[in-house]
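Reading through the structure tokens given below for one structure.
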Amino acid sequence: MYKVGIIGDKDSVMGFLALGIDIFPAYEADEIKKIIKDLAEKEYAIIYITEKASLLVQEYIARYKDNKMPAIIVIPGIGGSMGLGMNEVRESAKRAIGADILFND
């Protein structure tokens, strides 16, 4: 059975325990990369990562962008949204459709 995990600072990920999501508190790029690699090998279908953590490993996350699994989804941390998750959705839609249908103007 596939699993779901979340990576980010401890304060941002602790609440996900109540939802049955495996949490992985991490603060440094090397630590985050290792966790992503390990989760991908352990059949995690979805990996949520906080925006702040994703900024540290953007190039590494890009390696998984075209893979079916795991889906790496950027979410806001406890401090609020930085808009990175919406930018990811916008870029995915542009690639799939060929136009920016989610423009904010």
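For the numbers below, each heavy atom of this structure counts, side chains included, while hydrogens, waters and symmetry mates do not.
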Which pairs would a plain distance check flag for residues 39-48, meaning a side-chain donor or acceptor within less than 3.5 Å of a matching protein atom at least two apart in sequence or in another chain?
| unit_1 | atom_1 | unit_2 | atom_2 | d |
| --- | --- | --- | --- | --- |
| Glu41 | OE2 | Lys37 | NZ | 2.8 |
| Tyr44 | OH | Asp22 | OD2 | 2.5 |

Item to check | For Met69, the rest of its hydrophobic cluster, which grows through side-chain links under 4.5 angstrom | outcome: Tyr2

Checklist outcome for this item: Apart from Tyr27 itself, its cluster of hydrophobic side chains linked below 4.5 Å comprises none

Item to check | ring-ring contact (aromatic ring centres under 6.0 Å, His included) pairs, two or more places apart, involving residues 52-73 | outcome: Tyr60-Tyr64

Item to check | Least distance between heavy atoms, Leu55 atom then Gln58 atom | outcome: CD2-NE2, 3.5 Å

Could you go through residues 3-18 and list every donor-acceptor pair under 3.5 Å that involves a side-chain atom there, pairing it with any protein atom two or more places apart or in another chain?
| unit_1 | atom_1 | unit_2 | atom_2 | d |
| --- | --- | --- | --- | --- |
| Asp9 | OD1 | Ser12 | OG | 2.9 |
| Asp9 | OD2 | Asp11 | N | 3.4 |
| Asp9 | OD2 | Ser12 | N | 3.1 |
| Asp9 | OD2 | Ser12 | OG | 3.1 |
| Ser12 | OG | Ile78 | N | 2.8 |

Checklist outcome for this item: With Phe24 as partner, the option from Ile36, Ile49, Ile35 fulfilling side chain to side chain contact (heavy atoms under 4.5 Å, CB included) is Ile35

Item to check | Sole residue of Glu28, Lys33, Glu31 in side chain to side chain contact (heavy atoms under 4.5 Å, CB included) with Val57 | outcome: Lys33

